[in-house]
2 protein chains.
Amino acid sequence: MVAATQDSQALSVERIIDAALTIADRDGIEAVTMRAVGTSLGTAAMSLYRHVPSKDALLELMADRALAELPHPDPAGDWREQIHGFFLAFHDLLLLHPAVARTMVEMTLAGPELSVRGENVLTCLLAGGLDEATAAQAITALTWQTVGGALYALARLNPAHEDRSIRLRTLPKEQFPSVYRVAPFLEEDASRDHFSGALRHLIHGYEPAA
Amino acid sequence: MVAATQDSQALSVERIIDAALTIADRDGIEAVTMRAVGTSLGTAAMSLYRHVPSKDALLELMADRALAELPHPDPAGDWREQIHGFFLAFHDLLLLHPAVARTMVEMTLAGPELSVRGENVLTCLLAGGLDEATAAQAITALTWQTVGGALYALARLNPAHEDRSIRLRTLPKEQFPSVYRVAPFLEEDASRDHFSGALRHLIHGYEPAA
DNA sequence: ACCTGAACACCGTTCAAGT
DNA sequence: ACCTGAACACCGTTCAAGT
């Protein structure tokens, strides 16, 4: 009649995805092991396999769940602004859920949440006057720019990055004059504004010739 | 004068890198284990640790070795052509060495081979009239576009990709009209020309205002 | 019928014992 | 001084035995 404890609550795909995302956001994607997810739900690791076929499938489900927080670009608005806003939000979301960025490069995602946004993005691009071939190319380019930019920002956030800055400064100044001229901008925090600017350049590159 | 031993038994960092790259190119990055590399050289896995501090370090060394095949962009030539040619060659190289593409997103690479090309790329961009901040942004954007594009092409080459095409066609046609309009271009082989075109758009986006 | 402990076939890396 | 087998602390996943 009365459930013994909250931990003994029925297992479900939803609860498994939630638990895995919590671990990933807190301790990183490498902390997401079937044993750890099981333990956090008070069950054996093997019980998860009744609801999820494999760890890879779980990673995809986690990504699609996180992607559900993305806004929907509005084809009625100015296409440049809609595209810019959407991919900036995408970038922000990947920084919040580093595990999703990693999953996106490991697997080719095509979950329901991403599909719906894809439809809207393509509608915006077509409404902006891009032909079908160019729109296909643009959505790919924008996505990789976003995932790449997020991975780059994430790499700079972790401690191991210090090594890289140090290595940059050990390059002989005479042989690397351009690196030294640009270094202050390469070393500055990979900020939201930085990515936002790159995004505007990319969108500008796809502007149909007037 | 000590004879340079062509002796196949003499272990060295160079031979370890070569053996690891051979395995990676033939069987994929997941086949690169310390045990496998050791076996292919006729030694125990543990012997490798005398020449290489860790597996991660080996992966970085492998990437830098492969990157040595890259051309050097020429700051004296037209900057658009030089940049385009260099990143297209970069793309080709990543398709030849899939392991390198993976390593580039896992770690922040800054080996000697990449540093030299970075200097030349930046010199081209500065010569093209980009200011320091924009040049820093552009080299990052171009790199991620290239790595992302290569990973995307590689993902389409492996068998698991079929699932994705199938999933795309199961979307309800009425709710995904734009996806269906663009689908033929999304599904066509991610060819060299496809990437080349995206690269031109990106470079065009960074063209200084006349 | 559902759950799970033990086990399997792997990893990277440590360490002490081998030559 | 060099090398390496065994071992440690992990993985994802299978499977048969438990309830």
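Chain A is the first sequence line, chain B the second, and so forth, proteins listed ahead of strands; every chain is numbered from 1.
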Next item on the list: Test salt bridge (charged side-chain N to carboxylate O under 4.0 Å, His left out) on A:Arg65 and A:Glu60 and set out the steps.
Entry: CA-CA 9 Å; A:Arg65 156 69 60 84; A:Glu60 286 198 37; over 6 Å; no
Check: If only side-chain N and O atoms of B:Ser47 are considered, is one of them under 4.0 Å from the OP1 or OP2 phosphate oxygen of D:dC3?
Finding: no
Notebook entry, point to check: Are OP1 or OP2 of C:dC2 and a side-chain N or O of A:Arg50 less than 4.0 angstrom apart?
Noted result: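 For C:dC2, OP1/OP2 do not have a side-chain N/O of A:Arg50 under 4.0 Å.
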For [X], side-chain contact (heavy atoms from CB on, under 4.5 Å) partners two or more places apart:
{"X": "A:Pro53", "value": "A:Ala57"}
{"X": "A:Val179", "value": "A:Leu168, A:Leu171, A:Phe176, B:Glu119, B:Leu122"}
{"X": "B:Thr140", "value": "A:Tyr152, A:Leu186, B:Trp144"}
{"X": "B:Ser40", "value": "B:Ala19, B:Ile23"}

Next item on the list: Scan for side chain to side chain donor-acceptor pair (under 3.5 Å) pairs involving residues 50-59 of chain A, sequence neighbours excluded, and state none if there are none.
Entry: none
Next item on the list: Only stems of 3 or more consecutive Watson-Crick or G-U pairs count here, both distances under 3.5 Å; name the ones for DNA chain D, or none.
Entry: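 Stem list for DNA chain D: C:4-8 with D:12-16, C:12-16 with D:4-8.
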Checklist line | Qualifying residues under salt bridge (Lys or Arg N to Asp or Glu O under 4.0 Å), relative to A:Arg80, sequence neighbours excluded | finding: A:Asp78, A:Glu207
Check: Can you give one letter per nucleotide of nucleotides 5-17 of chain D, going 5' to 3': B for a protein heavy atom under 4.0 Å from the base, S for sugar-phosphate only, - for none?
Finding: BBB---BBBB---
Next item on the list: Not counting sequence neighbours, which residues clear ring pair (Phe, Tyr, Trp, His ring centres under 6.0 Å) with B:His201? List them please.
Entry: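 Listed in chain order: A:Tyr206.
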